[in-house]
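Shown below is the structure under consideration.
Hydrogens, waters and symmetry mates play no part in the numbers below; they use all other heavy atoms, side chains included. Chain naming here is simple, since letters A, B, ... match the order of the sequence lines and numbering starts at 1 in each.
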Protein chains: 2
Amino acid sequence: MGVGVATLADVARRAGVSTATASRIINGSSKPVTDELRARVLAAVAELRYVPNAHAQMLARSNRNAVGVLVHDVSDPYFAEITRGLQRVATAHGRLVIICNTFREPARELEYIDLLHAHQVAAIVVAGSGYLSSDDETELHDRMTAFETTGGRIAVIGRHSHTSDAVLPANEEGGYLAGAHLFELGHTAVGVVAGPAALTTTADRLAGLHRAAEAHGRRLEVVHADFTRDGGEAATAKLLAEHPGLTAVAALNDSMAVGALAAMRSAGRNLSVVGFDDMPIARDVTPALTSVRLPLTQLGERAMELALTPPADSAPRVEHIPAELIRRESTWPLTRPS
Amino acid sequence: MGVGVATLADVARRAGVSTATASRIINGSSKPVTDELRARVLAAVAELRYVPNAHAQMLARSNRNAVGVLVHDVSDPYFAEITRGLQRVATAHGRLVIICNTFREPARELEYIDLLHAHQVAAIVVAGSGYLSSDDETELHDRMTAFETTGGRIAVIGRHSHTSDAVLPANEEGGYLAGAHLFELGHTAVGVVAGPAALTTTADRLAGLHRAAEAHGRRLEVVHADFTRDGGEAATAKLLAEHPGLTAVAALNDSMAVGALAAMRSAGRNLSVVGFDDMPIARDVTPALTSVRLPLTQLGERAMELALTPPADSAPRVEHIPAELIRRESTWPLTRPS
DNA sequence: CGGTAACAGGAAAGCGCTTACCTCAACGCT
DNA sequence: AGCGTTGAGGTAAGCGCTTTCCTGTTACCG
């Protein structure tokens, strides 16, 4: 057993057939072959522990069978959930999924787009908020179209695009739902624990919140921080200190909401809080979080479906995924003792 | 711009040079080239938006530059954390990471091992508990050695292996820590919310718990369920119903511990509970979970380090990663009103 | 029984790169 | 002047597969 990998030629030689025949048998081609030879080749494959070189295969038959996925961080429950949906349908289509974590660094996004392009993936799904405006964003757009002109398909999730298929969660509407809920409970002084200002997700959710505020003739106190638990804790602490009169806060995602709960606990305060995304953790904290649910898995599924389905015509397809308010125990009418 | 992808030959033609020269320039080979030609080639690359075909490259220069990772499910916080560590060091070594979710299905593990093998990855890291005994396990072992004889390297995390490098979390010791903690607090009737009995992780942690029980002359009531929050809730409900005298429970991971908290809440009971893994959620539930901490990220880092470092000699290397008990508010002395 | 169609299998041309080897010219040396 | 060097670039042989022809058999038909 030499150090070299066994090749098709080795198998063919051992079975006393041509590489053509060996290839046909191994791939279950439609060409008819005697059982005799089939057996010999299969035996050789087993004995040599032959595993075909995927790169050579890709090169020879120039079909693309993998799909790439760009997410900020699969470890983040938000993206984990989306990724689950992506994987499900990709696997159902027999595609291999290559996941790339960009950690919200535009440079990494560019790098990965090229890398996936180089690997001849059939499609790329870009999940996650884009930036409101930046050179990187247009550069990214460039690379994406370059990929598309080679026959690759692109679908984006929660990122505005005028050229690619997109599936958009109802961030603005969800923000409105959260705001309306709080105002209808009678709260008049509400704070917002927002994510990074440059992200479109933050902007969209905030817009919905502001629309609700205007509809009720109120205004919001907004503090920005990272979309993390600790970010939420810090932002809430700041809100509590600077605006003691607040009776409710809206967090732009559940991680931040959990942080908000922690901040309130340390401050000995007890405001209503509404989260966003309805992550699994929402029902396990105390009080259980009222939250705006986004069907994340479905978001992923739809996106992958778009990416894998050839477009009917050239116009980019857009799908909107609705949001829904899930009421739990973290919000209550203003009259209740705070 | 035809539908076909631009190739090196296209670039060379457009720049009026040979493909050899083009290749050298693009890859920054050491061979000297006039600035004139370099400029022409680079211009052609830009104009054609040329991106080299990774498969052709892999085939030509037969070096392996990617590494594969097999995990049960990246969405699971436990594996997400490990994966983070794996990625960090892989990226530091300039390797591309291919993540494969096996969803604890042995068949999928086999499939992915072959797939990674076919893709000529430099190494494979298998993360996650193996099965106490099964045909699949030996079959898996077979494929792994097949991969290794072709020059690939393998490292496993938390899975016993006599042939590959391994990094082992202190599951048994951690179990002992959890048990000892409870017994030292005076509890005498403790239940265990365990994961699937067939997993080595369950077996190891349970072994530690039993060792602690014996050391204190006690016995444990064990119920098995899935390693999930819902599994933990169900198992705890069962425990509560069948053994009303229990005053404490040890959950074999934090997800189950969270489920245990939920079950106790619905049952109106209030026992001490100790979790395992010290996931981020541990500090955000009420009461905050006492838990056995395993440095998961480090586990991943060490494993990738082993996988990427050629072994000094042929003997498999084994690293042990210690566990530590983190005390929070979910455990208390028996004397306190339950 | 000659002719043809269906069959089994092989030869070889790529797929898009990298790289060992070769060529050609200009240069410097004795 | 003759010759070995060196510099700059090209030629072409693969890397390991797939697949399109192409060849030699065998079976079947009138």
| Side-chain N,O (A:S18) to OP1/OP2 (C:dG9) below 4.0 Å |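 Answer is no, no contact under 4.0 Å.
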| Is any side-chain N or O of B:S23 closer than 4.0 Å to OP1 or OP2 of C:dC17? |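 For C:dC17, OP1/OP2 do not have a side-chain N/O of B:S23 under 4.0 Å.
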| Is the shortest side-chain N to carboxylate O distance from A:R88 to A:E301 below 4.0 Å? |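 Salt bridge flag = yes for A:E301 with A:R88.
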| request: Would you tell me if any nitrogen or oxygen in the side chain of B:T21 comes within less than 4.0 Å of OP1 or OP2 on D:dG10? | output: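 Looking at the OP1 and OP2 atoms of D:dG10, one of them is under 4.0 Å from a side-chain N or O of B:T21.
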| query | Can you check the B:I26 CD1 to C:dG16 P distance for me, whole Å? | reply |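 Result: 15 Å.
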| query | Roughly how many Å is it from CD1 in A:I25 to C1' in C:dG9, rounded to a whole number? | reply |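 Checked: the CD1 to C1' distance equals 10 Å.
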| Separation of atom CG in B:L8 from atom P in D:dT11, rounded to whole Å |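 Rounded to the whole Å, the gap is 15 Å.
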Return the polar atom pairs (N/O with N/O) between nucleotides 20-24 of chain C and the protein under 3.5 Å, or none.
from	atom 1	to	atom 2	distance (Å)
C:dA20	N6	B:R24	NH2	2.8

| field | B:H117 and B:F147 aromatic ring geometry - parallel, tilted or perpendicular at 30°/60° bounds | value |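 It falls in the perpendicular class, over 60°.
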| query | Hey, does the side chain of A:T34 come within less than 4.0 Å of C:dG9's phosphate (OP1/OP2), counting only N and O? | reply |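 Indeed, a polar side-chain atom of A:T34 lies that close.
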| How many Å lie between NE2 on A:H55 and C1' on D:dC15, as a whole number? |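 About 12 Å, once rounded to whole Å.
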| task | Round to a whole Å and report the spacing from CE of A:M58 to P of D:dT19. | result |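 From A:M58 CE to D:dT19 P: 11 Å.
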| said: Whether B:Q57 contacts C:dT18 is assessed here as follows: a side-chain N or O lying under 4.0 Å from the phosphate OP1 or OP2. Is that the case? | reply: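 Answer is yes, contact under 4.0 Å.
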| query | Can you tell me how far C1' of D:dC17 sits from CG of A:D10, to the nearest Å? | reply |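 My rounded result for the distance is 13 Å.
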| If each of B:R61 and A:R61 is mapped to the nucleotide of DNA chain D with the nearest heavy atom, which maps nearer the 5' terminus, i.e. the 5' end? |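 Final value for this comparison: B:R61.
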| query | Rounded to whole angstroms, how far apart are CG on A:N53 and C1' on D:dT18? | reply |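 Atom-to-atom, A:N53 to D:dT18, this comes out as 13 Å.
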| said: Looking at A:R143 and A:E111, is any side-chain nitrogen of the basic one under 4.0 Å from a carboxylate oxygen of the acidic one? | reply: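 Between A:R143 and A:E111 there is no salt bridge, as every charged N stays at least 4.0 Å from the carboxylate O atoms.
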| field | Between A:D142 and A:T138, a side-chain donor and acceptor under 3.5 Å | value |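 On atom types as modelled, these side chains do not qualify, holding no pair under 3.5 Å.
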| Less than 4.0 Å between a side-chain N and a carboxylate O, is that true for B:E148 and A:R49? |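 Result for this pair is no, no salt bridge flagged.
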| task | Between A:A60 and A:V33, just flag the one whose closest nucleotide in DNA chain C comes earlier from the 5' side. | result |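 Between the two, 5'-proximity favours A:V33.
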| Between C:dC17 (P) and A:Q120 (CD): distance, integer Å |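 Distance, rounded to whole Å: 8 Å.
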| Side-chain donor-acceptor contact under 3.5 Å, A:Q57 with B:H55 |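 Looking only at side-chain atoms, B:H55 and A:Q57 do not form any donor-acceptor pair under 3.5 Å.
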| Quick one: do the A:S75 and A:D73 side chains pair a donor with an acceptor below 3.5 Å? |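 A donor-acceptor contact under 3.5 Å links the two side chains.
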| query | Taking only N and O in the side chain of A:T7, is any of them less than 4.0 Å away from OP1 or OP2 of D:dG16? | reply |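 For D:dG16, neither OP1 nor OP2 has a side-chain N or O of A:T7 closer than 4.0 Å.
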